[in-house]
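For reference, the structure is listed below as structure tokens.
Since we're looking at a predicted model, the values are computed, not measured.
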Amino acid sequence: MNKKELIKQVAMDTKMPAIVVKNILESILSNMTTALQEGDTVSFLGFGSLRPWQQKGRPARNPKNGDTVMFQPRTSVKFRIGIELLKAINKDKK
């Protein structure tokens, strides 16, 4: 499911206009991005949490020519699945 499909599905489920759902979703994503940029963890009880973490710089190899290049340190995001979501996606697998 992509963003457009999610907006369409939520609009059908809630009987809200798709443009309103789109604005709400964009606001949620914008606020989540801001929180992660500030180093905060974003948690949804039962679904999971997103937390920023610092990746260290490291050497890598260019596969085309074999040259060694350095990856710069950067901030990335890790997702930890919530127990309820984990149970829901595995409920038929016993």
Side-chain angles (χ1 to χ4, degrees):
M1 175 178 282
N2 62 31
K3 184 177 175 181
K4 189 175 185 178
E5 293 168 340
L6 177 62
I7 291 168
K8 183 179 177 183
Q9 186 63 48
V10 171
M12 288 185 343
D13 291 348
T14 62
K15 310 281 190 278
M16 294 174 69
I19 190 70
V20 173
V21 174
K22 179 182 177 188
N23 290 338
I24 292 169
L25 179 59
E26 287 177 356
S27 176
I28 291 168
L29 295 175
S30 174
N31 283 290
M32 287 174 55
T33 300
T34 300
L36 291 167
Q37 286 173 333
E38 294 172 355
D40 296 334
T41 298
V42 177
S43 299
F44 295 96
L45 188 61
F47 183 80
S49 61
L50 298 158
R51 68 176 178 86
W53 68 288
Q54 293 296 318
Q55 289 184 322
K56 296 178 182 172
R58 61 183 173 85
R61 189 180 62 81
N62 183 335
K64 286 187 178 179
N65 57 23
D67 289 346
T68 299
V69 294
M70 281 297 292
F71 281 167
Q72 298 298 317
R74 67 182 184 146
T75 302
S76 191
V77 176
K78 286 189 177 184
F79 176 74
R80 182 164 183 202
I81 192 167
I83 195 131
E84 291 174 23
L85 176 59
L86 185 62
K87 287 178 182 177
I89 63 175
N90 287 297
K91 71 178 180 182
D92 294 333
K93 301 171 185 166
K94 289 188 179 183

Begin from the C-alpha positions of Glu5 and Lys8 and carry the test side-chain contact (heavy atoms from CB on, under 4.5 Å) through to its verdict. CA-CA 5 Å; Glu5 293 168 340; Lys8 183 179 177 183; 5.6 Å; no

ILVMFWY cluster, Met16 and Val10 together (side-chain gap under 4.5 Å): yes

Would a single hydrophobic cluster contain both Val21 and Met1, if residues Ile, Leu, Val, Met, Phe, Trp and Tyr are joined by side-chain heavy-atom contacts under 4.5 Å? yes

Looking at every non-hydrogen atom in both residues, tell me the closest pair between [X] and [Y] and how far apart they are.
{"X": "Phe47", "Y": "Phe79", "result": "O-CZ, 3.7 Å"}
{"X": "Ala11", "Y": "Ala18", "result": "CB-CA, 3.9 Å"}
{"X": "Gln55", "Y": "Ser76", "result": "CD-CB, 3.9 Å"}

Interatomic distance, [X] atom [atom1] to [Y] atom [atom2] [nearest 0.5 angstrom]:
{"X": "Leu45", "Y": "Leu85", "atom1": "CG", "atom2": "CG", "answer": "12.0 Å"}
{"X": "Ile7", "Y": "Asn2", "atom1": "CD1", "atom2": "CG", "answer": "9.0 Å"}
{"X": "Leu29", "Y": "Ile24", "atom1": "CG", "atom2": "CD1", "answer": "12.0 Å"}

Is it true that atom [atom1] of [X] has more than 12 heavy atoms of other residues, nucleotides or ligands lying nearer than 6.0 Å?
{"X": "Phe71", "atom1": "CZ", "result": "no"}
{"X": "Leu6", "atom1": "CG", "result": "yes"}
{"X": "Ile89", "atom1": "CD1", "result": "yes"}

Quick one: side-chain hydrogen bond (donor to acceptor under 3.5 Å, both in side chains) partners of Thr75, sequence neighbours excluded? Gln54

Any salt bridge (charged side-chain N to carboxylate O under 4.0 Å, His left out) involving residues 50-77? Give me the pairs, sequence neighbours left out, ordered by first then second residue. none

Matching residue for Val42 among Ile28, Thr33, Leu36 - test: side chain to side chain contact (heavy atoms under 4.5 Å, CB included): Leu36

Contacts satisfying side-chain hydrogen bond (donor to acceptor under 3.5 Å, both in side chains) that involve residues 15-28 (not counting sequence neighbours) are Ser27-Asn31

